[in-house]
Amino acid sequence: MARVVSEHPIVRFTRDVSRVLAFGDFLATDCVTRDIDAAPVWRGVALRNYSVGAWRRLWSWLVEHVEGMITTEELADRFADQLPPQTVDEFLSSLPATQSTTGAPLPAELCLRGADTPLPLNELRVLAVGARRVDELSGRVRDAFLGQRGIELGPEWVGWRLEEARSVPLRDTARRLVHDMVARSQRIALAKARRRPDGSLWLPTRLHERSGLLYRTSQEGRGDVGLRLDQLGTVLATCGVLHRCKQRWSVTAKGEELVA
């Protein structure tokens with residue numbers, strides 16, 4: 001963390017440090033970070049976080065578009081309407097480059113989220129980029145990026161789904177994903193259900209299903225899952241390793257001694 005701060009203009013830990021962790025050659029080529037065992041793990045986690053955030057944003061968008069009581073099929077159609085009329089293969093071919101000539105991850109996710117296109121399309125592209133990274137990453141970076149292998153909605157799972165549907169219209173694939181997400185949300189809610197003292201059942205979900213119809217009780221958040229970088233930066237500042245001056249973080253003399 002201190003080495004990243006000393007070599008880059010860091011104003012906000014979560015935004016600026018996470019980008020250095022996720023993208024570029026720095027972690028692998030810097031004389032300090034290349035010898036830190038945790039560095040490749042951080043890279044994998046930072047890259048995985050974009051896919052996790054994409055699912056959160058998509059789910060939040062879907063819940064937001066449940067108005068009154070509708071069927072899952074109607075919700076799937078609303079998602080599909082936000083996507084272009086192309087095949088999955090054409091969709092995958094339109095994604096930005098994800099790897100440099102040196103093998104370092106390129107900031108494709110940042111480029112996609114900065115595009116002026118509908119949220120569902122942007123986040124579906126982010127998921128597809130994550131799926132592509134499965135075959136581009138290696139070693140401890142890949143292990144941290146994949147986490148538990150083959151789990152539902154993970155990068156590998158997304159890659160399998162897209163690969164088997166290359167000749168299928170993107171909108172049809174998107175509809176299938178909506179059914180997957182709704183079914184998964186109901187399974188998780190039932191697994192975490194609790195019986196109240198009055199005998200009624202409490203379900204920890206904002207999206208409910210009754211007699212084949214969906215309805216929501218409130219909105220879902222769509223923020224990224226925190227990497228605790230702000231908290232880590234605060235701890236290091238409290239310990240005298242980092243210092244903030246003129247809206248920018250720097251490494252103190254004590255911090256430089258620790259990094260050397």
Side-chain angles (χ1 to χ4, degrees), residues 1-10 12-57 91-93 95-113 123-164 166 224-233 235-236 241-242 251 255 258-260:
M1 181 77 155
R3 184 64 175 175
V4 170
V5 171
S6 69
E7 298 297 314
H8 298 83
I10 304 299
R12 293 164 54 188
F13 289 121
T14 294
R15 182 194 66 188
D16 301 331
V17 174
S18 64
R19 294 178 182 182
V20 178
L21 295 175
F23 309 115
D25 292 308
F26 180 76
L27 291 189
T29 59
D30 180 70
C31 62
V32 174
T33 57
R34 69 188 180 192
D35 295 325
I36 298 176
D37 290 340
V41 178
W42 268 108
R43 166 148 290 181
V45 170
L47 288 170
R48 173 64 174 254
N49 199 47
Y50 286 104
S51 291
V52 174
W55 282 119
R56 285 177 58 83
R57 285 174 166 85
F91 166 73
L92 294 175
S93 298
L95 297 175
T98 50
Q99 192 174 44
S100 71
T101 55
T102 62
L106 292 174
E109 292 88 345
L110 299 182
C111 294
L112 292 171
R113 287 194 172 152
E123 300 307 324
L124 190 58
R125 285 172 171 166
V126 171
L127 290 174
V129 162
R132 181 192 290 175
R133 294 197 189 280
V134 172
D135 294 326
E136 295 176 343
L137 303 176
S138 61
R140 299 189 72 190
V141 177
R142 188 174 189 266
D143 291 341
F145 175 72
L146 294 178
Q148 184 178 347
R149 299 295 301 272
I151 61 172
E152 189 178 24
L153 305 190
E156 282 183 305
W157 182 91
V158 174
W160 297 332
R161 276 296 174 86
L162 294 177
E163 185 61 33
E164 69 181 10
R166 276 188 173 271
D224 288 324
V225 175
L227 293 177
R228 296 294 200 175
L229 293 174
D230 285 323
Q231 291 85 342
L232 177 56
V235 170
L236 292 176
V241 176
L242 302 181
V251 181
L258 293 172
V259 173

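If you read the sequence from its start, that first residue is 1, and numbering goes on from there. Small disclaimer: the values here were computed from a predicted structure and weren't measured.
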How about [X] and [Y]: do any of their side-chain heavy atoms sit closer than 4.5 Å?
X: Trp42; Y: Leu47; answer: no
X: Met1; Y: Leu236; answer: yes
X: Leu162; Y: Arg166; answer: no
X: His8; Y: Val17; answer: no

Non-hydrogen atoms of [X] and [Y] that approach each other most closely:
X: Ala2; Y: Val259; value: CB-CG2, 3.5 Å
X: Leu106; Y: Ser100; value: CG-N, 3.6 Å
X: Ser51; Y: Gly130; value: OG-CA, 3.9 Å

#### Entry: Steps toward side-chain contact (heavy atoms from CB on, under 4.5 Å) verdict (Val158, Trp55)
CA-CA 11 Å; Val158 174; Trp55 282 119; 3.7 Å; yes

Gap separating the [atom1] atom of [X] from the [atom2] atom of [Y], nearest 0.5 angstrom:
X: Arg161; Y: Leu153; atom1: CZ; atom2: CG; result: 9.0 Å
X: Arg3; Y: Ile36; atom1: CZ; atom2: CD1; result: 9.0 Å
X: Glu156; Y: Ile151; atom1: CD; atom2: CD1; result: 9.5 Å
X: Ser18; Y: Leu110; atom1: OG; atom2: CG; result: 8.0 Å
X: Leu112; Y: Leu95; atom1: CG; atom2: CG; result: 7.0 Å
X: Leu146; Y: Trp157; atom1: CG; atom2: CH2; result: 15.5 Å

Ignoring hydrogens and geometry, is there a side-chain-to-backbone donor-acceptor pair from [X] to [Y] under 3.5 Å?
X: Arg140; Y: Asp37; answer: yes
X: Arg43; Y: Phe23; answer: yes
X: Asp25; Y: Thr102; answer: no
X: Thr33; Y: Phe26; answer: yes

### Task
Using a strict cut-off of less than 4.0 Å between a Lys/Arg side-chain nitrogen and an Asp/Glu carboxylate oxygen, indicate whether Arg56 and Asp224 qualify as a salt bridge.
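No, this pair does not count.
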
### Query
Between Arg133 and Glu109, is the closest basic N to carboxylate O distance under 4.0 Å?
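Result for this pair is yes, salt bridge flagged.
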
### Query
Name the one of Leu137, Val141, Thr98 that satisfies side chain to side chain contact (heavy atoms under 4.5 Å, CB included) with Pro105?
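Filter result, single survivor: Leu137.
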
### Task
Go through the structure and list residues passing salt bridge (Lys or Arg N to Asp or Glu O under 4.0 Å) with Glu136, not counting sequence neighbours.
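Glu136: no salt bridge (Lys or Arg N to Asp or Glu O under 4.0 Å) contacts found.
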
### Message
Run the salt bridge (Lys or Arg N to Asp or Glu O under 4.0 Å) test against Glu123 and tell me which residues pass, sequence neighbours left out.
### Response
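Applying salt bridge (Lys or Arg N to Asp or Glu O under 4.0 Å) to Glu123 gives Arg57, Arg113.
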
### Message
Phe145: which residues meet the ring-ring contact (aromatic ring centres under 6.0 Å, His included) condition with it, sequence neighbours left out?
### Response
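Listed in chain order: nothing, the list is empty.
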
### Query
Considering residues, nucleotides and ligands other than Arg228, do more than 12 of their heavy atoms fall under 6.0 Å from its CZ?
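No, not enclosed.
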
### Task
Test side-chain contact (heavy atoms from CB on, under 4.5 Å) on Leu232 and Phe13 and set out the steps.
CA-CA 9 Å; Leu232 177 56; Phe13 289 121; over 6 Å; no

### Task
Show the numbers, then the answer: is there a side-chain contact (heavy atoms from CB on, under 4.5 Å) between Thr14 and Leu227?
CA-CA 7 Å; Thr14 294; Leu227 293 177; 5.9 Å; no

### Task
Could you go through the side-chain contact (heavy atoms from CB on, under 4.5 Å) check for Phe91 and Leu124 one step at a time?
CA-CA 10 Å; Phe91 166 73; Leu124 190 58; 3.9 Å; yes

